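The block underneath contains the structure these notes are about, expressed in structure tokens.
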Amino acid sequence: MNDPSKHTKPKFSDFPPVFLVGMMGSGKSYCCKQLVKHLNFNGIDLDALIEERHHQSIANIFEQSGEAYFRKEEAAVLREIGIQKHTIIATGGGTPCFHQNMQWMNEHGITVWLNTPVNVLVQRLWHEKKHRPLIAHFENVNDLEVFLNKKLEERNEFYALAHIHMNEVNLNIHSLLNEIEQLFKNNFQHNYL
Ligand SMILES: Nc1ncnc2c1ncn2[C@@H]1O[C@H](COP(=O)(O)OP(=O)(O)O)[C@@H](O)[C@H]1O
Ligand SMILES: O=C(O)C1=C[C@@H](OP(=O)(O)O)[C@@H](O)[C@H](O)C1
Ligand SMILES: [Mg+2]
């Protein structure tokens, strides 16, 4: 017999965790906040949680303990929080590239790549570089752009493994939700009904 529940719109509470990935400045933290505000998801910003746990800014953790230590902490906190349903997780720009994190996220939830063009990243990041230890030292915009292009060359192969690729510059959260819903209906729902 047909099960009518299989044909209804998925309930938000059924959703596996949604991981936002992409380069610094692509809007992961921003979109996470928007989705929480407008669509009643739970939201977690991985960087903010690491800062809370360590009572230290990301910049200080990098400075005092180094990047390798930060990457270990990042992977551990990700695995701790990443199994909550109905939750959007804004990861850090480097998260997918270390400790098999991308594979782990793909196995435990829906991954979304915010694929924002470099010129937009540069505009956004130039005024916010102080808080980001990998780019804080740049003294001119061209150097920042060269660095971002190089990092993207290294990182795009990880980001590209995401289930959903979003290429809009100023992402509309409703189109994002629509993509997530479609993917959920086609691939994930059977695990949750
Ligand atoms: N879709 C968007 N529309 C307008 N501004 C955005 C958008 N996404 C990000 N921004 C702005 O760009 C900057 C960087 O965004 P952020 O969410 O911190 O990036 P990430 O977490 O990916 O590094 C912030 O000032 C944010 O307000
Ligand atoms: O790209 C990176 O390696 C990093 C990105 C940052 O997060 P955002 O992408 O939210 O800026 C933060 O995790 C840290 O500064 C390292
Ligand atoms: Mg962020």
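Numbering of ligands and ligand atoms starts at 1, following listing order. It should be emphasised that the depicted structure is a prediction, and the values quoted were computed from it without experimental measurement. Values reported hereafter were calculated over all heavy atoms of this structure, with side chains retained and with hydrogens, waters and symmetry mates removed.
Looking at Gly25 next to ligand 1, an N or O pair under 3.5 Å apart turns up. Between Cys31 and ligand 1, no pair of N/O atoms sits closer than 3.5 Å.
Looking at atom 12 (O) of ligand 1, its nearest protein heavy atom turns out to be Arg124 CD, 3.0 Å. At the top of the distance list for atom 27 (O) of ligand 1, counting protein heavy atoms only, stands Tyr30 CD1, 3.5 Å. Of the protein's non-hydrogen atoms, the one nearest atom 3 (N) of ligand 1 is Asn170 OD1, 3.4 Å. Here the heavy atom of the protein found nearest to atom 19 (O) of ligand 1 is Gly27 N, 3.2 Å.
Between Tyr159 and Leu152, the closest side-chain pair of non-hydrogen atoms falls below 4.5 Å. Between Asn106 and His163, the closest side-chain pair of non-hydrogen atoms falls below 4.5 Å. In this structure the side chain of Leu148 reaches within 4.5 angstrom of the side chain of Met23, judged on heavy atoms. With a 4.5 Å cut-off on side-chain heavy atoms, Met105 and Pro96 count as touching. Side-chain contact between Leu177 and Phe41 is present, with at least one heavy-atom pair separated by less than 4.5 Å. For the pair Ser175 and Met166, the minimum side-chain heavy-atom distance is below 4.5 Å.
Here is the list of ligand 1 atoms found below 4.0 Å of a heavy atom in Met23: 22 (O).
Compare Met24, Arg132, Glu128, Lys33 by their heavy atoms: the one nearest to atom 25 (O) of ligand 1 is in Glu128.
Between Lys185 and Glu181, no side-chain nitrogen of the basic residue sits less than 4.0 Å from a carboxylate oxygen of the acidic one, so the salt-bridge criterion is not met. For Lys150 and Glu153, the salt-bridge test fails: no basic side-chain N is under 4.0 Å from an acidic carboxylate O.
Contact analysis leaves Gly93 out of contact with ligand 1, as no non-hydrogen atom separation drops below 4.0 angstrom. Residue contacts with ligand 1 do not include His127, since none of its heavy atoms lies under 4.0 Å from the ligand.
Between Phe15 and Phe184, the two ring planes are tilted [angle within 30° to 60°].
Remark: Arg132 engages Glu128 in a salt bridge (charged side-chain N to carboxylate O under 4.0 Å, His left out) (not counting sequence neighbours).
Within 4.0 Å of ligand 2, protein heavy atoms belong to Met24, Lys28, Asp47, Ile58, Phe70, Arg71, Gly92, Gly93, Gly94, Arg132, Pro133, Leu134, Arg155, listed by chain and number.
One finds the CG atom of Asn149 at 9.5 Å from the CG atom of Leu144 (value rounded to the nearest 0.5 Å). The structure places CG of Leu183 at 5.0 Å from CD1 of Ile110, a figure rounded to the nearest 0.5 Å.
Tested against Ser29, the residues Thr91, Asp45, Asp47 include a single side-chain hydrogen bond (donor to acceptor under 3.5 Å, both in side chains) partner, Asp45.
Residue Val120 is found in a hydrophobic cluster whose other members, listed by chain and number, are Val169; membership requires side-chain heavy atoms under 4.5 Å apart, directly or through intermediates.
Here the protein contributes Ser29 OG as N, O or S atoms under 2.8 Å from the Mg ion (ligand 3).
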